[in-house]
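Shown next, in structure tokens, is the structure this report addresses.
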Amino acid sequence: MSILVTGAAGFIGFHVAEALLERGERVVGLDNLNEYYDVRLKEARLARLYAFPGFEFAKLDVADRDGVFTAVERQKDLRSIIHLAAQAGVRYSLENPYAYVDANVTGTLVIMEAARRIEHLTAITYASSSSVYGANRKQPFSVDDRVDQPVSLYAATKRSCELIARTYGHLYGLPATGLRFFTVYGPWGRPDMAAFLFTRAILTGEPIKVFNQGRMARDFTYIDDIVTGTIAAHDRPPTAAEGDPHRIYNLGNHRPENLLDFIAVLERELGRTAEKQFLPLQPGDVPESFADIEASRRDLGFEPKTTIEVGLARFVEWYKQYYQVN
């Protein structure tokens, strides 16, 4: 039996695929290797996955319905999907909105239709985002909160993915689990995320942009904790007997950190002081975001363990090794 992992060359997709391969699963990876950030980083991730005999890869856009359907139909032993492919980034959605509708909305629709072509399908696990909570002010964010006030197109497309999955669960009984990820960081991370941006700037002596004058708090969640939660959700899909074949969970650290404290940990790890450029809150951003994980704990056994002190130390160690920084 094999598992389809979309976005396999991406940050979270790579780590999930690697963890599945390490436990002996067969993984079919899909990714279009787009140029949103350095393709060489994506290729380096893939190189690590190719070291496993159980890994197979197809360069393919999830919005390419014919290509995806053909790939799925060729894999006769597919039983489940972990759908992590997406156009990421809140701020970039202001510049290129069409990319978000193509990758996130159309891509998710294609994956749901592809899932209908898999005999004996056991699970669909897909990535949503904490961004769907939008303008909500109550903290922590709960899966029971309203999510009809997005403040970015990225958030709107991620909420659309949830609604599509719920609809396919209702119509066709597809067992789907949506995961709202909260500010994921760690080794092999995305270059447009805070840990990466700040580390690079501090090492090169460039100023770092600190939005909302530093009055920002995030539930920074280490990649290993996200992987554990994602695979737990995949291994425990909803069933028809439970009455609803679609579920949503928060995966976050449940330990909000002030942005300036996050920067301070990086400064200590790098042995340098950051030059900070304080700026207003950016359009599409929210000042605070952290997760209520009661349901994830109860149903998935999810219990994030990694503090930012431990997680950022591991990230800096990887960064220095990968970029050969002395």
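Numbering of residues begins at 1 and proceeds along the displayed sequence.
For Glu162 and Ser128, the side-chain atoms include at least one donor-acceptor pair closer than 3.5 Å. Between the side chains of His234 and Thr177, no donor-acceptor pair is found at a separation under 3.5 Å. Between the side chains of Asp299 and Tyr249, at least one donor-acceptor pair of N or O atoms lies under 3.5 Å. A donor-acceptor pair shorter than 3.5 Å cannot be found between the side chains of Asn250 and Ser296. Side-chain atoms of Lys42 and Asn34 form a donor-acceptor pair, as typed in the model, at a separation below 3.5 Å.
For Tyr323, the OH atom counts as densely surrounded, since its 6.0 Å shell holds more than 12 non-hydrogen atoms of other residues, nucleotides or ligands. Around the CZ atom of Arg74, the shell of radius 6.0 Å holds no more than 12 heavy atoms that belong to other residues, nucleotides or ligands. No more than 12 heavy atoms of other residues, nucleotides or ligands lie within 6.0 Å of CD in Gln321, so this atom counts as exposed by the packing criterion. The environment of Glu22 atom CD is dense: over 12 non-hydrogen atoms of other residues, nucleotides or ligands sit within 6.0 angstrom. More than 12 non-hydrogen atoms from other residues, nucleotides or ligands lie less than 6.0 angstrom from CZ of Arg79. Around CD of Glu294, the count of heavy atoms belonging to other residues, nucleotides or ligands within 6.0 Å does not exceed 12.
No donor-acceptor distance shorter than 3.5 angstrom exists from the side chain of Tyr322 to the backbone of Glu317, with no hydrogens or angles considered. Counting only distance, with no hydrogens or angles, the side chain of Tyr100 and the backbone of Gly89 share a donor-acceptor pair below 3.5 Å. Side chain of Arg45 to main chain of Ala9: a donor-acceptor pair is present (N/O by atom type, distance under 3.5 Å, no hydrogens or angles). Side-chain N or O atoms of Ser93 include one that pairs as donor or acceptor with a backbone N or O of Val90 at under 3.5 Å. With hydrogens and angles disregarded, no donor-acceptor distance shorter than 3.5 Å links the side chain of Asn104 to the backbone of Val101. Between the side chain of Thr108 and the backbone N or O of Val105 there is no donor-acceptor pair closer than 3.5 Å. A donor-acceptor distance shorter than 3.5 angstrom exists from the side chain of Arg272 to the backbone of Leu203, with no hydrogens or angles considered. A donor-acceptor distance shorter than 3.5 angstrom exists from the side chain of Asn258 to the backbone of Leu260, with no hydrogens or angles considered. The closest donor-acceptor contact from the side chain of Ser129 to the backbone of Lys158 lies at 3.5 Å or more, if one exists at all. Between the Thr221 side chain and the Phe182 main chain, a donor and an acceptor come within less than 3.5 Å of each other.
Contact check for Val143 versus Arg180: side-chain heavy atoms found under the 4.5 Å cut-off. At least one side-chain heavy atom of Phe141 sits less than 4.5 Å from a side-chain heavy atom of Ser289. Side-chain atoms of Leu21 and Leu49, non-hydrogen and from C-beta on, do get closer than 4.5 Å to each other. Contact of the Gln75 side chain with the Leu4 side chain is not registered, since no non-hydrogen atoms from C-beta on lie closer than 4.5 Å. Looking at Ser160 and Leu163, their side chains never come closer than 4.5 Å, going by heavy atoms from C-beta outward. Between Leu279 and Val210, every side-chain heavy-atom pair lies at or beyond the 4.5 Å cut-off. Between Phe69 and Val110 the shortest side-chain heavy-atom distance falls below 4.5 Å.
Rounded to the nearest 0.5 angstrom, His120 NE2 and Met1 CE are separated by 9.0 Å. Atom OH of Tyr168 sits about 6.0 Å away from atom CZ of Arg116, to the nearest 0.5 Å. If you take CD on Glu267 and OG1 on Thr199, they are separated by 10.5 Å, rounding to the nearest 0.5 Å. Between the CG atom in Asp61 and the CG atom in Asp102 there is a gap of 8.0 Å [rounded to 0.5 Å]. Atom-to-atom distance recorded for Thr183:OG1 and Asn253:CG is 10.0 Å, nearest 0.5 angstrom. Between atom CZ of residue Arg314 and atom CG of residue Leu312 there is a gap of 11.0 Å, rounded to the nearest 0.5 Å.
Ile293 and Tyr133 fall into different hydrophobic clusters, where Ile, Leu, Val, Met, Phe, Trp and Tyr side chains are chained together by heavy-atom contacts under 4.5 Å. One hydrophobic cluster, built from ILVMFWY side chains closer than 4.5 Å, cannot hold both Val62 and Ile82; they sit in different ones. Both Phe302 and Leu84 sit in one connected hydrophobic cluster of ILVMFWY residues. Membership requires side-chain heavy atoms under 4.5 Å apart, directly or through other members. Both Ile202 and Ile308 are assigned to one and the same hydrophobic cluster, defined by single-linkage of ILVMFWY side chains at heavy-atom distances under 4.5 Å. The hydrophobic clustering, which links ILVMFWY residues whose side-chain heavy atoms are closer than 4.5 Å, places Val227 and Phe55 together.
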Requested in this report: List the steps, then state whether side chain to side chain donor-acceptor pair (under 3.5 Å) holds for Thr125 with His83.
Outcome: CA-CA 6 Å; Thr125 309; His83 175 43; over 6 Å; no
Query raised in the report: Step by step, would you call Phe220 with Thr306 a side-chain contact (heavy atoms from CB on, under 4.5 Å)?
Result: CA-CA 10 Å; Phe220 293 103; Thr306 314; over 6 Å; no
Requested in this report: Go through the steps for Leu109 and Thr106 under the test side-chain contact (heavy atoms from CB on, under 4.5 Å), then give the verdict.
Outcome: CA-CA 5 Å; Leu109 177 61; Thr106 301; 5.5 Å; no
**Report entry** Chi angles and distances behind the side-chain contact (heavy atoms from CB on, under 4.5 Å) call for Val184, Phe181
**Finding:** CA-CA 7 Å; Val184 189; Phe181 296 141; 3.9 Å; yes
Report task. Could you go through the side-chain contact (heavy atoms from CB on, under 4.5 Å) check for Ile223 and Ile12 one step at a time? Result -> CA-CA 7 Å; Ile223 184 61; Ile12 299 175; 4.0 Å; yes
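A salt bridge does not link Arg40 to Glu43: none of the charged nitrogens lies less than 4.0 Å from a carboxylate oxygen. A salt bridge between Arg200 and Glu206 is absent, with no side-chain N of the basic residue lying under 4.0 Å from a carboxylate O of the acidic one. In this structure, Arg91 does not pair ionically with Asp192, as no charged nitrogen and carboxylate oxygen lie closer than 4.0 Å. Electrostatic pairing of Arg48 and Glu18 counts as a salt bridge here, judged by a charged N lying under 4.0 Å from a carboxylate O. A salt bridge is defined here as a Lys NZ or Arg NE, NH1 or NH2 lying under 4.0 Å from an Asp or Glu carboxylate O, and Arg297 with Asp292 fails to meet this definition. Using a cutoff of 4.0 Å between basic side-chain nitrogens and carboxylate oxygens, Glu257 and Arg218 are not scored as salt-bridged.
Annotation for Arg255 and Asp219: closest pair N-OD1, 2.8 Å, computed over non-hydrogen atoms. Closest non-hydrogen pair, Pro280 versus Phe211, comes out as O-CD2, 3.3 Å. In terms of heavy-atom proximity, Ser80 sits nearest to Thr122 at CB-OG1, 3.5 Å.
Applying ring pair (Phe, Tyr, Trp, His ring centres under 6.0 Å) to Trp188 and the options Phe196, Phe11, Trp318, Tyr319 leaves one that passes, Trp318. Of the listed residues (Asp77, Val28, Ile81, Leu20), just one forms a side-chain contact (heavy atoms from CB on, under 4.5 Å) with Ile3, and that residue is Leu20.
Less than 6.0 angstrom separates the ring centroid of Tyr36 from the ring centroid of Tyr92. Note: Tyr185 and Phe315 fail the aromatic proximity criterion, with ring centroids not under 6.0 Å apart.
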